[in-house]
Amino acid sequence: MTALLDGGHVALSPVDNVQTTVPLGPVQTRHSDGLQEAKHMGYSAFLERMGEVNDLLNAKSILSWDAKTKMPPGGADTRAKQLATLTVLARDHLVADETRRLLEQAEAETAALASDSVERTICGQVREAIEYHLRIPTALVHKRAEVGSIGQHIWAKARAESDFGAFEPVLQETIELNQEMAECIGYDEHPYDALMFRFEPGETVTSLQPLFASLREGLLPLVRAIGEQESPRVDFLERSFPVEEQLTFALKMASKLGYDTNRGRLDLTVHPFEVSFTRNDVRITTRVNDEWMPKSLFGTLHETGHALYEQFCDPAYTRTPLATDLVGLYAVGGVSFGAHESQSRLFENHVGRSREFWELNYGELQATFPEQLRGINTETFWRAVNRVEPGLIRVESDELTYDFHIMLRVEIEAALIDGSLKVSELPEAWNAKVKEYLGLEVPNDRLGVLQDVHWSSGQVGTFCNYTIGNVMAGQLFASATEDSRVRDGLATADYLPLREWMTEHVHRHGRRYTRDEILEKATGRALDPTFYIQHLTQKYSDIYEI
Ligand code: ZN
């Protein structure tokens, strides 16, 4: 790791790190949302209790970050136990009798406040989370975690050998456990709705159907038309780009977009991710391929979008349920996985892959890599990083075909959970959908049904958020660019007005409002794919001259 990247990290001693104020409590005055009036000690004690849950979850995140960035392989077994213990402690602390007593007291004390006040929103969210966890028997939680940890080893081996049969029994068990989980959680229409609740509250199989239909209708003709055009050249992206310079440039762009390295740092990992330990320590990682430069650059811009969401959450929400996912047991300020993904997609795709961005920043990239980019102009570079090529692997897919990978997964998962698709029929169903959506033959299970890690860890119901994020990003970007300050900023490589617009309308709210409330307030409408489809149509018509 370079000195520059390590230099962005401020090591805090445990004592420095202790938060001594009680956010949102009676003594809190910096927040304007009616909190000054809360003069009740019970509510304050309740918030402190929630702060402890947040502390446990942040400690879990730190151990998880360490496991992915620094830990020697030998630490894996004991680390898995440590992570499991902290998760159980956080859950137990949340549902404990003492928490429920404090919650009741807080509810009574705040009953006279408006139903949408911060205090009553927090009480409501905590009650909902407690009820959610109490519906799921502890034995089932343990069983799923156990199958998940065994599953990952079996899946890794099965994937390496492209042998679905080896993974099938553990996947069968995972599906059954998730079916059981769905019955415990409860649902109105479809068991899959219960599983999605943890990641994308409010989203259902029924609500996704019209969304997916619009995307298919809007995007499939574009994919087909592009397939008949000549592909832009990308050969120069495969030249050797030194790792250090790639990281330095990527971090420079991240900072330009607003990432505060005084409250963040960039590390290298196999799979890029963002993680926050409160808004004051929000870390990102990237992976570098010295022969495919876009990977680390756009990976970093993607994680930067996630990081901005966390870094610019209202400071008054630190350690409160408004910066804690109490259902998923994860210390995060973003309101849903989809909302989080909207920020990563927006900064990666709408900003980072735009022609305007490269007209302003390509000179700097070329100066960093004069040999590799000799004779390549801005237009050629911009076309190359936006090339469309339907592929078999989701994580390597381009902006235009990505949603088809998501749709097929969501449709398959929902069918596995309601029993209309059997696990044994999975490879066949998978391959048929890849053919239908992407026009490709799947040569083996490694490049097909075995490619994602999600099922091996016991997770079902996580995929829709990627597409929700894309759609939200299109909608938010369209609204943001109605503001002339934002437009002028984008036209002069000043990304502060855009970041501030997102902070004002999305980041600062943390989990204060639902995803749909945020969208309504920011854009004046519910989730609507029109703007996203327009963005893709316009961009790719330009690039491919169709
Ligand atoms: Zn992401």
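All values reported here derive from a predicted model rather than from experimental measurement. Note that ligands are numbered from 1 as they come in the structure, with each ligand's atoms numbered from 1 the same way. Residue numbers run from 1 in the order of the sequence given.
Between H133 and L329, some side-chain heavy-atom pair lies under the 4.5 Å cut-off.
Taking the six-membered ring where the residue is Trp, F357 and Y495 present tilted rings, their angle falling between 30° and 60°. Relative ring orientation between F167 and F164 is described as perpendicular, the plane-to-plane angle rising above 60° on a 0-90° scale split at 30° and 60°. The aromatic rings of F477 and H350 sit tilted relative to each other, their planes meeting at an angle between 30° and 60°.
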Side-chain atoms of residues 522-533: list all donor-acceptor pairs with protein atoms under 3.5 Å, sequence neighbours left out, distances to 0.1 Å.
{"unit_1": "T523", "atom_1": "OG1", "unit_2": "Q475", "atom_2": "NE2", "d": "3.0"}
{"unit_1": "T523", "atom_1": "OG1", "unit_2": "L519", "atom_2": "O", "d": "2.8"}
{"unit_1": "T523", "atom_1": "OG1", "unit_2": "R525", "atom_2": "N", "d": "3.4"}
{"unit_1": "T523", "atom_1": "OG1", "unit_2": "R525", "atom_2": "O", "d": "3.3"}
{"unit_1": "R525", "atom_1": "NH1", "unit_2": "D528", "atom_2": "OD2", "d": "2.8"}
{"unit_1": "D528", "atom_1": "OD1", "unit_2": "T530", "atom_2": "N", "d": "2.9"}
{"unit_1": "D528", "atom_1": "OD1", "unit_2": "T530", "atom_2": "OG1", "d": "2.5"}
{"unit_1": "D528", "atom_1": "OD2", "unit_2": "T530", "atom_2": "OG1", "d": "3.4"}
{"unit_1": "Y532", "atom_1": "OH", "unit_2": "D403", "atom_2": "OD2", "d": "2.4"}
{"unit_1": "Y532", "atom_1": "OH", "unit_2": "N470", "atom_2": "ND2", "d": "3.4"}

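Using modelled atom types, one finds a donor on one side chain and an acceptor on the other under 3.5 Å when comparing H340 with E310.
Shown here are the protein N/O/S atoms lying under 2.8 Å from the Zn ion (ligand 1), water excluded: H302 NE2, H306 NE2, E341 OE1, E341 OE2.
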